[in-house]
> 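Sharing a structure here in structure tokens format.
Positions are given from 1 along the sequence.
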Amino acid sequence: MKTKILRKTLIAFTAVCAIGAAACLSACSSGGGIKTRHPTAQITISFNDEDYTLKYKLYRNMYPVTVQHFIELANAGFYDNMIVHDYETNDWKTGGYAYYSDEEAEKRDSVEPYSDGYKDASYYESISKEEEYYKIVRDGYDDKTFTPSVWRDGEANYTRDNALCTLIGEFENNGHNIKNGALSGEFGSLRMYYTDKTSTSFVTVKNGKDEYLSLDYKYNSATSLFAIQTGTASSLPTEDYCIFAVLKNSKSEDKLNELMDDIADYIDDTYDESDEFTESVGDVHVDNLEELSTDDQGQTDTFRTTAVPIIIREVRITKY
């Protein structure tokens, strides 16, 4: 009798645990539920019809607002099918421009095929995802809302409706200091970055400690853009740009090296001169929806674009 009762109890307990685990997984997969110190992400990059998958460890414990912003954009599918729009020796910049195949471009009157447009500033304006970014942050997605962190200085009500569509900069020159273990630039690391601003305005920010601070807008104007560090040093200094993730393991390091080797081999096999793979495209209009300063709205930037697209096929959060 006691054996039967014990067995029934164990079965019931196992069922409850299974239901609880499923519920937790469901909650976590939607971006809610338990939040760990180190979420993980998987980024699949495509080049010349080959895919390369990199796994990342995100540092929510040190850079909570940046990591939350990245996770929310990834969950919204915003980063899927982006190009590396600015290809530098040590930094691949992405997160703002869509990729359309030749077939997809033919269906869109306003978009040229990548092979025809990559040397033209107007092409990048036609594939900019700035409007989509602002819409997602303003309206949310699938009934979910984004976490605000920046407001006009002196704003009376720090609500989502009153927030700017920019992100607090969690790095040293913006007053964000980590006592121990702050991330330093290393091969494969991810960092949020911002385009240069002329505005000298201040904004109110809400940091990861729920403190409201008045800080320089320049350092709190990041949106969706991030960079992958592909060298031992970065053109984006640690003091001015938030590093929030590193490659999770040696397999991912090997995969990124493999991708870089394949790009180098492609260049050697295809071009007489290596610089034929890239094109300097100037006067690309950026920040067309800038909300704080009209001086910064529609300013121009210069990209180092690639003859063959390097595509961010998917950014998927694998652990919350």
> Of all the heavy-atom pairs spanning Ala121 and Gly282, show the shortest one and how long it is.
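Here Ala121 and Gly282 meet closest at CB-O, 3.4 Å.
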> Look at the rings of Phe70 and Phe244 and say which category their plane angle falls in: under 30° parallel, 30 to 60° tilted, over 60° perpendicular.
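Tilted.
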> With a cut-off of 6.0 Å (strictly less than), are more than 12 heavy atoms of other residues, nucleotides or ligands near CG of Asp283?
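No - once you tally the heavy atoms of other residues, nucleotides and ligands closer than 6.0 Å, there are 12 at most.
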> Can you list the steps and then say if Asp120 with Ser122 is a side-chain hydrogen bond (donor to acceptor under 3.5 Å, both in side chains)?
CA-CA 5 Å; Asp120 188 356; Ser122 64; 2.9 Å; yes
> If we only count heavy atoms from C-beta on, is the Val150 to Leu167 side-chain gap below 4.5 Å?
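Contact flag for Val150/Leu167 side chains = no.
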> When you measure from the side chain of Asn90 to the backbone of Ala233, do you find a donor-acceptor pair of N or O atoms at a distance under 3.5 Å?
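Checked: pair present.
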> Looking at side-chain heavy atoms only, is the closest gap between Lys144 and Asn75 below 4.5 Å?
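No, every pair of side-chain atoms sits at 4.5 Å or beyond.
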> Describe, in one word, how the ring planes of Phe277 and Tyr87 are oriented to each other, choosing from parallel (under 30°), tilted (30 to 60°) and perpendicular (over 60°).
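Plane angle over 60°, so perpendicular.
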> May I ask you to decide if Glu253's main-chain N or O and Asn257's side chain share a donor-acceptor pair within less than 3.5 Å?
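Yes; at least one donor-acceptor contact below 3.5 Å.
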> Answer whether the closest heavy-atom distance between the side chains of Asn174 and Ile168 falls below 4.5 Å.
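With C-beta onward as the side chain, the pair touches.
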> Working note: Tyr97 + Phe303, criterion ring-ring contact (aromatic ring centres under 6.0 Å, His included); need CA distance, chi angles, decisive distance, verdict.
CA-CA 12 Å; Tyr97 296 87; Phe303 299 158; 5.4 Å; yes
> Output yes when a side-chain donor or acceptor of Arg160 lies under 3.5 Å from a complementary backbone atom of Val137, and no otherwise.
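The answer is yes, because a donor-acceptor pair under 3.5 Å joins these two groups.
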> Where do Ile243 and Ser189 come nearest, in terms of heavy atoms and distance?
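Minimum heavy-atom contact is CG2-CB, 4.0 Å.
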> Walk me through it: do Thr166 and Tyr217 pass the test side chain to side chain contact (heavy atoms under 4.5 Å, CB included)?
CA-CA 10 Å; Thr166 57; Tyr217 174 63; 3.9 Å; yes
> Just wondering, are more than 12 heavy atoms of other shown residues or ligands nearer than 6.0 Å to NZ in Lys197?
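More than 12 within 6.0 Å, yes.
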> Are Ser184 and Thr238 close enough, and set up right, to give a side-chain hydrogen bond (donor to acceptor under 3.5 Å, both in side chains), and what steps lead you there?
CA-CA 7 Å; Ser184 58; Thr238 304; over 6 Å; no
> Is there a donor-acceptor contact under 3.5 Å from the side chain of Glu132 to the main chain of Lys129?
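Not at all, since once roles are kept as given, no pair shorter than 3.5 Å links the two residues.
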> In this structure, are over 12 heavy atoms from other groups packed under 6.0 Å from Glu211 atom CD?
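Check passes, neighbour count above 12.
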> How about Glu239: does its CD atom have over 12 heavy atoms from other parts shown lying under 6.0 Å from it?
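For Glu239, atom CD is crowded (more than 12 foreign heavy atoms under 6.0 Å).
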> Donor-acceptor pair, Gln297 side chain versus Asn288 backbone, under 3.5 Å?
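Flag set: sc Gln297 to bb Asn288 pair under 3.5 Å.
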> Whether the side chain of Gln299 engages the backbone of Asp196 through a donor-acceptor N/O pair (distance < 3.5 Å, no angle test) should be reported.
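Present.
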> Could you walk me through whether Ser280 and Thr302 pass side chain to side chain contact (heavy atoms under 4.5 Å, CB included), step by step?
CA-CA 7 Å; Ser280 181; Thr302 298; 3.5 Å; yes
> Going by heavy atoms in the side chains, are Tyr124 and Thr305 under 4.5 Å from each other?
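Yes, close enough: below the 4.5 Å cut-off.
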> Whether the side chain of Tyr63 engages the backbone of Leu183 through a donor-acceptor N/O pair (distance < 3.5 Å, no angle test) should be reported.
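It does hold such a pair.
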> Decide whether Val281 and Val111 are clustered together by the hydrophobic rule: side chain heavy atoms of Ile, Leu, Val, Met, Phe, Trp, Tyr closer than 4.5 Å, transitively.
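Same cluster: Val281 reaches Val111 through Ile, Leu, Val, Met, Phe, Trp or Tyr contacts under 4.5 Å.
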> Would a 4.5 Å heavy-atom cut-off, applied to side chains only, mark Ile83 and Thr94 as touching?
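They are not in contact (no side-chain heavy atoms under 4.5 Å apart), so the answer is no.
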> Are any of the side-chain nitrogens in Glu155 or Arg152 under 4.0 Å away from the carboxylate oxygens of its partner?
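Answer for the salt bridge query: no.
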> In the structure I gave you, are the side-chain heavy atoms of Ile312 and Ile43 within less than 4.5 Å of one another anywhere?
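Sidechains of Ile43 and Ile312: in contact.
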> Do Leu292 and Tyr212 sit in one hydrophobic cluster, given that two such residues count as connected whenever their side-chain heavy atoms are within less than 4.5 Å of each other, even indirectly?
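In one cluster: no.
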> Give a yes or no on whether Ile263 and Tyr271 share a hydrophobic cluster (residues Ile, Leu, Val, Met, Phe, Trp, Tyr; joining criterion: side-chain heavy atoms under 4.5 Å apart).
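The answer is yes; both residues are in one hydrophobic cluster.
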> Is there a side-chain contact between His176 and Asn207 (heavy atoms, below 4.5 Å)?
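Result no, sub-4.5 Å side-chain heavy-atom pair not found.
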> Go through Glu258 and Lys255 one step at a time and tell me if the salt bridge (charged side-chain N to carboxylate O under 4.0 Å, His left out) criterion holds.
CA-CA 5 Å; Glu258 180 185 338; Lys255 213 51 163 171; 3.3 Å; yes
> Apply side chain to side chain contact (heavy atoms under 4.5 Å, CB included) to residues Leu236 and Tyr194 and explain how you reach the verdict.
CA-CA 10 Å; Leu236 305 173; Tyr194 48 85; over 6 Å; no
> In this structure, are over 12 heavy atoms from other groups packed under 6.0 Å from Lys119 atom NZ?
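Counting other residues, nucleotides and ligands, NZ of Lys119 stays at 12 neighbours or fewer.
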> Could you tell me how the ring of Phe226 sits relative to the ring of Tyr79: parallel (under 30°), tilted (30 to 60°) or perpendicular (over 60°)?
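Rings of Phe226 and Tyr79: perpendicular, as their planes differ by over 60°.
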> Under the criterion side-chain hydrogen bond (donor to acceptor under 3.5 Å, both in side chains), I'd like the reasoning laid out for Thr53 against Gln42: C-alpha separation, chi angles, the key distance, then a yes or no.
CA-CA 7 Å; Thr53 298; Gln42 182 170 290; 5.0 Å; no
> Let me check something: do Leu215 and Tyr241 share a hydrophobic cluster, defined by ILVMFWY side-chain heavy atoms less than 4.5 Å apart, either directly or through other members?
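Hydrophobic grouping puts Leu215 apart from Tyr241.
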> Could you tell me whether the side chain of Glu112 and the main chain of Tyr123 form a donor-acceptor pair under 3.5 Å?
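A pair under 3.5 Å: no.
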> Find the distance between CG (Asp102) and OG (Ser115) and round it off to the nearest 0.5 Å.
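Here the interatomic distance stands at 5.0 Å.
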> Dump the intermediate steps for side-chain hydrogen bond (donor to acceptor under 3.5 Å, both in side chains) on Asp295 and Thr198, then the final yes or no.
CA-CA 7 Å; Asp295 292 336; Thr198 60; 4.8 Å; no
> Would the distance check show the side chain of Arg60 and the main-chain N or O of Tyr320 forming a donor-acceptor pair, the cut-off being under 3.5 Å?
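Answer holds: yes.
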> Given the ring of Tyr158, does Lys206 sit roughly above its face, with NZ or CZ under 6.0 Å from the centre of the six-membered ring and within 45° of the axis?
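Here Lys206 fails the 6.0 Å and 45° test against Tyr158.
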> When you compare the side chain of Thr36 with that of Lys319, does any pair of heavy atoms fall below 4.5 Å?
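Yes - at least one pair of side-chain heavy atoms lies under 4.5 Å apart.
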> Nearest 0.5 Å, please: how far is CD1 in Ile45 from CH2 in Trp92?
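CD1 of Ile45 is found 6.0 Å from CH2 of Trp92.
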> Look only at the side chain of Asp91 and the backbone of Ser235, and say whether a donor-acceptor pair between them is shorter than 3.5 Å.
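Present.
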> In this structure, would Phe187 and Phe47 fall into the same cluster of hydrophobic residues linked by side-chain contacts under 4.5 Å?
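Yes, it is one cluster - the side chains of Phe187 and Phe47 are joined through contacts under 4.5 Å.
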> Between Val84 and Thr306, is the side chain to side chain contact (heavy atoms under 4.5 Å, CB included) condition met? List the steps.
CA-CA 8 Å; Val84 172; Thr306 61; 5.9 Å; no
